[in-house]
Amino acid sequence: MTIFQFPNDFRWGTATASYQIEGAYQEGGRGLSIWDTFAHTPGNVYDGHNGNIATDSYHRYEEDIALMKELGIDTYRFSIAWPRIIPDGDGEINQEGIDFYHRFVDTLLAAGIEPFCTLYHWDLPQALQDVGGWENRRTIDAFVKYAEIMFREFASKIKFWLTFNEPWCIAFLSNLEGKHAPGNTDLQVALNVGHHLLVAHGHAVKLFRDMSPADGQIGIAPNVAWAVPYSKSAEDRAACNRNIEVYADWFLDPVYKGSYPESLYNWFKEAGATPPVQDGDMEIIAQPIDLIGINYYHPTVNRYHPEAGYLHSEPIDMGLFKTDIGWPIDSTGLYDVIHYLQKYGNIDIYITENGACINDSPQNGIVDDSMRISYLQQHIAQVHRVINDGIHLKGYMAWSLMDNFEWAEGYRMRFGLIHVDFRNQVRTPKESFYWYQNVIRNNWMETR
Ligand SMILES: CCOCCOc1ccc(-c2cn(C[C@@H]3NC[C@@H](O)[C@H]3O)nn2)cc1
């Protein structure tokens, strides 16, 4: 048994996202998002699930925040639904939407919980997609207008901001692999989307500085892959590097270095695609940021294979224990990838997502999700190990507060510390909720 003591100022939290929990998709003046369209299109989401109701948190946020207070978190990561603020993307402001988030944030603050706000967690207004979405540079200006409204309204209440969640998912999963909204399957489209979201990020950061909100911090939240080569061969090592770089470096090099990673740039160029860089873009992207959020779930073991996707990098099943979504459980990847990111300097890092898909259900009112406790314990131990190495890892937000809409997997894949019965919205804290509550209360963890 080991005791892991955390710094007094370490932040403990949970995370969610607007489309995954709010529901009320046609209420409060909300416009449609690309995820409404994608989920309403047969075949895109498991069993036709969608976010029309989700966990009904638009109506139940006070109950949710009471559970957060019981859990004892000091930080809550959530996202704003752009379609609630500007229903058609860049037209009229919807005051009802702004008012909703003021009530929500005020309730969080009254509960002593720090709001940690993601501006864009994938729910692009459909009206913007109708004219090209992130492929169209016009969406950059629309995003900056949206961000300005949010900073003006909330910078006095919200001190932690993320521009984009998981840029790899926005660009590649959604526009090359076609698995998320809007479901394109073209490499050049993916590079266009990825570049434009980076330019939008840079403009939003510059605007944030120009509006000089008192003591606010802003960053971006890439999901990171950690790939270990199956063999020591140069081919396998290169295949792993491509896999790691496409999630992290493709976005963080432009932000921290003002240029795309050369090797991957050339890899895509060989495939006939290059980012649509215009004069001044790379300078605006490289606006200094204050922090990054890192979303980590699992590592992979990869080898080179000429027919393995756009990176010729094939993940190998090494027989590890897996969560119910099929991801291997190996917390060492978290330690390794955080050290990998030190090449950008000893930047302030928050783990803005980490968690396990374990589909346990209540038995006599108890959800004995011991596998999730084991997963969290292993990963929080690695968080401590990273801090012990002097790395500025400032906080940990478990994904997720409660079971919710897990994108293409719908509601069958459960990541929550709280079980949600989607037939009646009954929330049941799982055993992992009480385990995490104890870690937070003590600010230390013991392994068992
Ligand atoms: C067979 C090939 O498939 C290609 C990879 O396909 C995926 C799908 C999904 C993910 C994925 C999902 N999550 C959790 C979410 N993070 C943001 C938050 O909203 C959570 O719901 N992280 N990564 C990665 C890769």
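As the structure lists them, so they are numbered: ligands from 1, and atoms in each ligand from 1. Computed from heavy atoms alone, side chains included, the values below leave out hydrogens, waters and symmetry copies.
- The one candidate from Asp360, Asp369, Asp403 that meets the side chain to side chain donor-acceptor pair (under 3.5 Å) condition with Lys430 is Asp403.
- Every N/O-N/O distance between Trp168 and ligand 1 stays at or above 3.5 Å.
- Here's the thing with Asn165: none of its N/O atoms is less than 3.5 angstrom from an N/O atom of ligand 1.
- Atom 23 (N) of ligand 1 has Trp327 CH2, 3.9 Å as its closest protein atom, hydrogens excluded (heavy atom only).
- Heavy atoms of Phe415 found under 4.0 angstrom from ligand 1: none, in either backbone or side chain.
- By the 3.5 Å distance cut-off applied to N or O atoms, Asn223 is not counted among the residues near ligand 1.
- Put simply, the side chain of Glu114 does not reach to within 4.5 Å of the side chain of Tyr76, judged on heavy atoms.
- The closest heavy-atom contact to atom 9 (C) of ligand 1, among the options Leu176, Thr118, Leu173, comes from Leu173.
- Interface of Glu177 with ligand 1, defined as ligand atoms under 4.0 Å from a residue heavy atom, comprises 2 (C), 3 (O), 4 (C).
- On a distance-only criterion, Trp122 and ligand 1 share no N/O pair closer than 3.5 Å.
- Looking from atom 19 (O) of ligand 1 to the surrounding protein, the closest heavy atom is Gln20 OE1, 2.6 Å.
- Listed by atom number, the atoms of ligand 1 under 4.0 Å from Trp407 heavy atoms are 18 (C), 19 (O), 20 (C), 21 (O).
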